[in-house]
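Accompanying notes for the structure given below.
Heavy atoms only: backbone and side chains are in, while hydrogens, waters and symmetry mates are out. What you see is a predicted model; the values in this text were computed from it and never measured. So that the names make sense, note that chain A is the first sequence line, chain B the second, and so on, each numbered from 1.
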Number of protein chains: 2
Amino acid sequence: MSKKINEDLLNERKKCTFDMQELTHVIDCGEQNTMKRKFIDDYILNIKELWDDVPEEYLSHKERYENAIRKAFIILRCLREFNSSSMQVSEHRTPTNIYSIQDGIFRNVNPLLIHVGLFWSAIAAQASADQQAEWLKADSKMIGTYAQTELGHGSHLRGIETTATFDPETDEFVLNTPKLTSYKWWPGGLGKTANSCLVMAQLCINGTCHGLHIFLVQIRDYDTHEPLPGIKVGEIGPKMGFNTADNGFLGFDNCRIPRSNMLMKNVQVLRDGTYVKPKHNKLAYGSMVLTRVMLITDLANQLSRAATIAVRYSAVRHQSQIKSDEPECQILDYVSQQHKLFICLASSHAFRVVGLWMWNTHRMVTADIHQGNMEQLPELHSLACCLKAVCSRDATSLVEQCRLACGGHGYLLSSNLPQIYNYTAAAITYEGEYTVLMLQTARYLMKSWKNALEHEPLPANVAFLGAYIKRNYEQWQSSPEGIINGFKDIAAGKIKTSYDTLQRHLRNGLDPEEAWNLSSIQLTDASEVYTRSLLCELFWRDTKQTCNTVSINLAVVLEQLGELYLVYWALEKHGDLLLYSTISRNDIELLQSRYGELLALIRPNAVGLVDAFDIRDEVLSSTLGAYDGRVYERMMEEASKSPLNAEVVNESFRKYIRPVLLKNKM
Amino acid sequence: MSKKINEDLLNERKKCTFDMQELTHVIDCGEQNTMKRKFIDDYILNIKELWDDVPEEYLSHKERYENAIRKAFIILRCLREFNSSSMQVSEHRTPTNIYSIQDGIFRNVNPLLIHVGLFWSAIAAQASADQQAEWLKADSKMIGTYAQTELGHGSHLRGIETTATFDPETDEFVLNTPKLTSYKWWPGGLGKTANSCLVMAQLCINGTCHGLHIFLVQIRDYDTHEPLPGIKVGEIGPKMGFNTADNGFLGFDNCRIPRSNMLMKNVQVLRDGTYVKPKHNKLAYGSMVLTRVMLITDLANQLSRAATIAVRYSAVRHQSQIKSDEPECQILDYVSQQHKLFICLASSHAFRVVGLWMWNTHRMVTADIHQGNMEQLPELHSLACCLKAVCSRDATSLVEQCRLACGGHGYLLSSNLPQIYNYTAAAITYEGEYTVLMLQTARYLMKSWKNALEHEPLPANVAFLGAYIKRNYEQWQSSPEGIINGFKDIAAGKIKTSYDTLQRHLRNGLDPEEAWNLSSIQLTDASEVYTRSLLCELFWRDTKQTCNTVSINLAVVLEQLGELYLVYWALEKHGDLLLYSTISRNDIELLQSRYGELLALIRPNAVGLVDAFDIRDEVLSSTLGAYDGRVYERMMEEASKSPLNAEVVNESFRKYIRPVLLKNKM
């Protein structure tokens, strides 16, 4: 089998009208980052032990874990080498794809993800200066994780049952999980790997509960790795994805830790049991907001992988004829296929842009908080909730759309699309479940509407509510700006309707909580369309700005992607536009025809656009998506790695099949 | 830990207003079937070797296959015992859930699925009487599968590249897969298990190609199981699901079979190479249509499993408070949760009803065909296409909705929801990919519209097109019948618009194929809404009929489910209703409020409704969904089965972790 590049892909690349590398640099936020990423890629690619001969999908659950741990410690060493300083506070906390090579090494996930990505940064954020000096020492033997969720409690933090009771006699906290439902459940790396754990527990002093606080608990002996007394720990079993993160459970039976192991940056318990309250009770939520923010960039990266695989495969795959006298055509030429895939390209760029914007917003608000100004915290929280929720749901369904667009072959794990789905789908639930988050934003929107009615000043991202009250509808315009205004009209209209519904329920004598519950479908809906209006506006604004800084050829293509995103969603939401804007049936038909034009305009650049994501074959890990387009050869090569194919006849024949055949009556 | 039934579930069951068993009998199509199913359940439950101590998710790919093959031959023996006659032509080809216990034994799938379910029935349908007599002999040593799809060709059958060339000298066919893309790829059981294969290949005689025909090919030696000369066979590697079906590849290099191995019921090749054409060229598609029809019932069953798990879990799980002075409430009390789950209940019933209707339609049309009347074949084909497509997509997204409604715990394989998703999702692609099928139905609809314009007689299911031409809109009515008419209005409106678009493209000089491609988004859309109108009408009609035969208490609940289905979809498609019917904004608000009422009405019976599916715990295979509601206990019990938990310290500590800790610089 020849190893040259597939002819169709060569042709596609010739057709590309823009400089792919220029776009790569835009995506990477500058040429320097591209170079850094490539340096890291090359460095890690050269470590042979990191690359499996037999894909991990063939291994047993236990073998997979062991193989991943082996690799995780090699990676940890590399990360240390890349960063002369301690890698304890990880560079992962900036939105970047420079470590994306890890996606290729761990087809599930790095079991030290929480250790590297969350454990140390939580200590940096929540521990006092003294504690940090002690724990961040270079000779630390801690391998850490972070335990919040319990078997019986997830999103409702106040319900958490684990207790840390202060014992003034010994100057210790005594940790307990009083019921089966209080067991910590889910933390990554907890099952078999971690020896230390940040534990979220109800702080009890002298019979008074002071709510949730964080405690550093050693759970295994540093030398023997055996669980310490009072600790019951294990892994929770296989999952849809993340199978190489040994997610674990943790129970406490009078487990004692020194008082100094409570994280005391913002709050303290003194020797005599005096409780010193935090200055602001929202301070603890900072790292959760940041995790949500970071996630958006990660989702953009995962969607880019899926889109790269599906677009390249669609250029290589031929099926049926568009014209009966011509050979079978590339499936990428089917408009229905373009309809499935190009929105994935556009959405990946939208999420990248919005992720970066949120990260910058987070930095500014955090700086303000450090100055004692908490004013923008509610808006930040509301934005992080709804953007995390909608981006995770969109990314997941678009990744699945990419998989389905590859037909049967997308169902093979060697396509890697199912694994990307399993990874992405988890994000709809972890760090705040979709509906819970949408309703948090809805609460903010209801307050904002009330403020708008009372002519109070409104933060930037809800300022349109004030305008809406003054003018009601704006005349529909079939331009990008018109679509954005249309979405704002829907958002304002639905926010108003939800608010009115709530008020009606209250006038009818319902409790506020009952009224809220009865309105929750509408409230979620209002949050969703508000989020869509944000995504549309932020993406389009950034597109216009970027277009001013890049070459004209690239600008044309970026503008097409931006417009595609807006028109796609306007058509998806045409029912709401009919209800809440002045759009007409004729306007909708014009949008449909513009949508068709945009698909045709983007078509010649589709492969160029995914090439510009510049994702190495090793990161894609996909038979269908490799740069050279040797789809069928790779599928056969991957199949040949199956241990079942290593033997001509499996022993099942002798044990189970032959005896039945001999009986001669199948 | 006590083993009594969860209090919440006990309360829910007390609240149920109808006789669950009565509904079970409706679902099973009669008490006798219920009894038969329970008998089979009990019989198989008592075979200890069929039930794993360690769930298969912990095993390696190879171990899983071997374990499944072991169980498959036990099941085969049982099936033979249940049916005094030969089980070669399987009872699976009627829409039933009586063998659903298999879903519990094979968490992926029975590797003999194709052998039992398709191989023998294809022989019965396509082989001549002589051939059947020969091959169906009780002493057959054949373990069979069915090979159609190739590495490079799926939905586009005409593109299939495998050839069977008649050699008049030896009276044989010579089979070849000339290119890598011609390799057969996907057949279940082909990789390691089957020794015989029905192969779809291009028949070539004297340099003339007569198109696709089916050939019976022995691929492995009956005694040694070694592949025969000219055969290259193996398994294709791990997939999202179906991992215990050793889906395989198959290549031919001048593989010779006797002429008599072509299936010759409808078509013959004589000794001198004379080709005797079939009487009707559509006769070969019969079994594909039947498989699509059967699938709808299977999808209903899978959705029932997912809904049972999610509803019971939602009754057991408590989270947050609706009222601040009350304890944490059941999440089933959240309207947003009801919104996610009750449509799953209703859809499961809808698919069951439609699956049965399609099966009866198929029987009638097939009987006609045997009488030589092919008239209804196009309508049957069009119905099977669109109903298979939409039901598979709906079921898949609703199963995932159930999983997401269970929060993080739904992500655990011990919930079984991910496996049900992986199983269901495959159906969107196999036996006809979604978009391909929707466009097949669209082609039928375009023809029907043309017939309607020309006042030709129309088959029953498209008769509304004729009515639409005469009267255009019907006045909107907010009743079930009004909603069904609304959907017909949308369907007719979109069919008309698609037709007009096609005609406009043609007038502008485009080829019919180009015009078709450019209109494909609209055409798919028209097919979808047409299918929805069918689902709504068929489900509601059946509901009304069933309500006349059951007790009043049950009738009330069934009617609520039927109405919920209609109102849910009317709200989902309100944009299309605004465009294509006379619905007003006020009508939509009324529907929203009716939808809320229906959720509240169904709420007390939710657990009763899933209990009535009567799915045994062993079939559910779910920690979250068992009848007794011991959710958390079961989760912990399942986790304890993990081989990683069998040892206190995994060897990775000694090999990889300790060396790093000793270096003292994490």
Checklist outcome for this item: side chain to side chain contact (heavy atoms under 4.5 Å, CB included) test vs A/Tyr334 passes for just one of B/Thr435, B/Asn517, B/Val436, namely B/Asn517
Checklist entry - Side chain, backbone, both or neither: which part of A/Arg654 has a non-hydrogen atom closer than 4.5 Å to chain B? => result neither
Checklist entry - At a heavy-atom separation under 4.5 Å, does A/Tyr58 approach chain B through its side chain, its backbone, both, or neither? => result both
Checklist entry - Pick from B/Arg317, B/Arg64, B/Arg77: which one has the most heavy-atom pairs with chain A under 4.5 Å? => result B/Arg317
Checklist entry - Quick one: what part of B/Tyr430 sits under 4.5 Å from any heavy atom of chain A, side chain, backbone, both or neither? => result neither
Next on the checklist: Using heavy-atom distances under 4.5 Å, tell me whether A/Glu400 contacts chain B through its side chain, its backbone, both, or neither.
Outcome noted: side chain
Checklist outcome for this item: Whatever's closer than 4.5 Å to a heavy atom in chain B on A/Glu638 counts as neither
Item to check | Any donor-acceptor pair under 3.5 Å from A/Arg70 side chain to B/Tyr656 backbone | outcome: no
Checklist entry - Donor-acceptor pair, B/His409 side chain versus A/Leu151 backbone, under 3.5 Å? => result yes
Item to check | Carboxylate-amine/guanidinium contact A/Lys62 B/Glu63, below 4.0 Å | outcome: no
Checklist entry - Do the ring planes of A/Tyr421 and B/Tyr421 sit parallel (below 30°), tilted (30 to 60°) or perpendicular (above 60°)? => result parallel
Checklist entry - Would you say the side chain of A/Tyr434 lies within less than 4.5 Å of the side chain of B/Leu404, judging by non-hydrogen atoms? => result no
Checklist entry - A/Arg658 versus B/His225: any side-chain heavy-atom pair under 4.5 Å? => result no
